[in-house]
Amino acid sequence: MSEKQAKKERTRKRLTQEEKAKIKQVEETHRLEARALRENWLNLDNAALIYPAIGSTEWNSVFRLSAIISEKVNCDLLEQALRDTLKRYPFFNVSLCDGLFWHYFQTLSTAPKVELETNYPCRPFTFNRKNQIFRVLYLDNKISFETFHSLTDGGGAMRFFNTLLARYFELTGVKYKNLGDFDLNVRDLPVEEESEDAFHRFANNGKCKPRKETTAYAIKGALENPNILNVVLGSVNIDALKECAKTYGATVNEFLSAVYLSVMIAEKHHSNTKNRHPVKLSVPVSLRRFYPTKTMRNFSQYLNYEVPTDRENASFSELIEIIKAQSKNINIDYFQQMFNANIRSERNFFVRILPLAVKDPILKFVYNRVGERLFTSTLSNLGICKLPAELDDKILNYHFILGATKLNRINLTAVTFKDKCCLTFSTRLSERRVIREFFKMLTSFNLNVEIISNV
Amino acid sequence: MTHHCDSCNVEIEESKTNCPLCGKCVSPDTINQNTYFPNYTITTDKREPTIKVLEKLSILALLLCFAVDLFCTHTITWSLYVLIGLFLDWVLILRPIKKQFNFAQILTQLSFYLTAFLIFLELYTNTWGWGVMYAIPFMLLGFSVLAGIMTLAHGYVDFEMFKPMIMIAFLMTIALILLLCFNCSVVWPTLVTFLVSISEIILMFMFRFKRSIRSLKKNFGI
């Protein structure tokens, strides 16, 4: 017996029966806790099921929220804030694993480290049992939160990110008066409803929306290296933008959609393409305002604005009228029918019985055939970001970046904070004609645009 | 403090020397220090260029083989062996490296493509029997045992290893049906492999009982 072992043996003998029992109890508790965590797993919500199937090592569906703050980021405090935030929202601390029939989320016991931003935004995630499917990054005075779309949508990510920021500033010494009003307190207990699959909760046996839709025109052009994502952010005063939209009797979203659609129509004509498909814009809509749920997982659907090929020469006012006419048909029943169809597909016996190894390639094939081909680009508007007054001078601006999508080479997002609306283009195209024309058109409405870019 | 681009009529952040939209110079004196994005260093996978070169070399070798075969024998008989060999090389070696496949994925692919290859070999050389009766079942038995060992080593953490198991069981079911239909004399290797793979799947289910039940509940409402 070595000296080390002998020493260990002597120590063990010295322990009283009571101490031994205590150690055993602690060990048992740890073992049970570890087992509980291992056993704890979550199903993916209905909308999240598609993303792992269509992704690859070079590309998967990722988006980013960033906040520009007034001081340099303290990474230790940010890490502490992240740990606290994950206690508030434990269902974010998961990895994505392959199941027998579907992918699933496996609960993790440790929080990830915050990382210094060195790469292009929205890098793809590598899925394994040990890694979270989100990352928190920092750079000088910028904090970013990137997440895989299966975990949450823009609304859920915004709430998580705001809680993280609120906690970070609390750790730096900010005292809040009414943090509870904004639902951003890390001391609140996790609520089961926040991690529910709201699609399943609200789906019914009613009508389903037919999936048949026309294929859309796709913007073509030379692509950058797959690792590169070009980002161009334009800040516009929200009051001026509202005023501008008001002159056409439209909402900000409708106005921006009309501008973007008219730019894409011009691009279609400019490229002299023989493509006869119409230009279509996909606009995601959060369903949280239609249904009583606190879920932070995916709960959004989309609506496609379409400009028929015979109306492509319409004036800007007419374009707004086309969009407004299409918006009028959109109501709760429209979305209900949309996700009823998705839920029905998920519950289909033949879909359920297929092993994941067979299901994934089929989903990928179907998505490549019909998924992104139904729209030319996306305009995702997160709306107004509200934070406690104590953070008004701490946070200067918000950015929202959509990662590259598989077929559509260019996407637009919008987020409003204080008096600034930040419009962000993310693209893998090396040519930036569409972006230039979009901002030029905004400036033609006497809007002052301030550009930031990683190009 | 911002620069103004007269061409696009937009304000450009201070750190930029050129307009990001049109590329025109807005201020030649500015120090190019972006405060919102880092100075990127693109890290590319070092294996990728090697794989690309190997892929191109394979195509070149194949074309050369076809040319020589056509020139010498006026057929493409032996070039087909090269074509299949190179296809297997791409599917089973280059692609898994490129796509960073895990062990379960590699095993699933190996099971499927090597079985297909052996069947092709049997048919092409007109020596039907040895592959289906012996080579394929024994090869898949080996893979099945390997998958079982890996599952044990991982502590049955997830269902990853189900993929190759199901693939093996599926292939063996088809082989069994074919062998019984054609009244083949040697069925036992196929039967053994089938039973081993099925029992491994059942054992996996048993050891991950709670998870299996939840999975079944979600999928079939049991």
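Reminder, nothing fancy here: chain letters follow the sequence lines and each chain counts from 1.
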Undergrad: Tell me the closest heavy-atom pair linking B:C8 and A:K440, and the distance in Å.
TA: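 Heavy-atom minimum between the residues: O-CG, 3.8 Å.
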Undergrad: Between A:N454 and B:Y36, is any pair of side-chain heavy atoms under 4.5 Å apart?
TA: no
Undergrad: Working to the nearest 0.5 angstrom, can you tell me the gap between B:N9 CG and A:S444 OG?
TA: 9.0 Å
Undergrad: With chain B as the partner chain, list the residues of residues 425-435 of chain A whose heavy atoms fall under 4.5 Å from it, by residue number, and write 'none' if nothing qualifies.
TA: A:R432, A:I435
Undergrad: Specify the closest pair of heavy atoms between A:L139 and B:P38, including all atoms of both residues, with the distance to one decimal.
TA: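 Answer, listing the atom of A:L139 first, then B:P38: CD2-N, 3.5 Å.
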Undergrad: Can you confirm whether B:F112 is buried at CZ, in the sense that more than 12 heavy atoms of other residues, nucleotides or ligands lie under 6.0 Å from that atom?
TA: no
Undergrad: How many angstroms lie between CD in B:E13 and OG in A:S453, if you round to the nearest 0.5 Å?
TA: 7.0 Å
Undergrad: Among A:T443, A:N448, A:L442, A:L447, find the one that has a side-chain contact (heavy atoms from CB on, under 4.5 Å) with B:V10.
TA: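 With B:V10 as partner, A:T443, A:N448, A:L442, A:L447 yield a single side-chain contact (heavy atoms from CB on, under 4.5 Å), made by A:T443.
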Undergrad: Using a 4.5 Å cut-off on heavy atoms from C-beta on, say whether the side chain of B:F37 contacts that of A:I452.
TA: yes
Undergrad: So with a 6.0 Å cut-off around CZ of B:F170, is the heavy-atom count from everything else above 12?
TA: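 Count not over threshold, so no.
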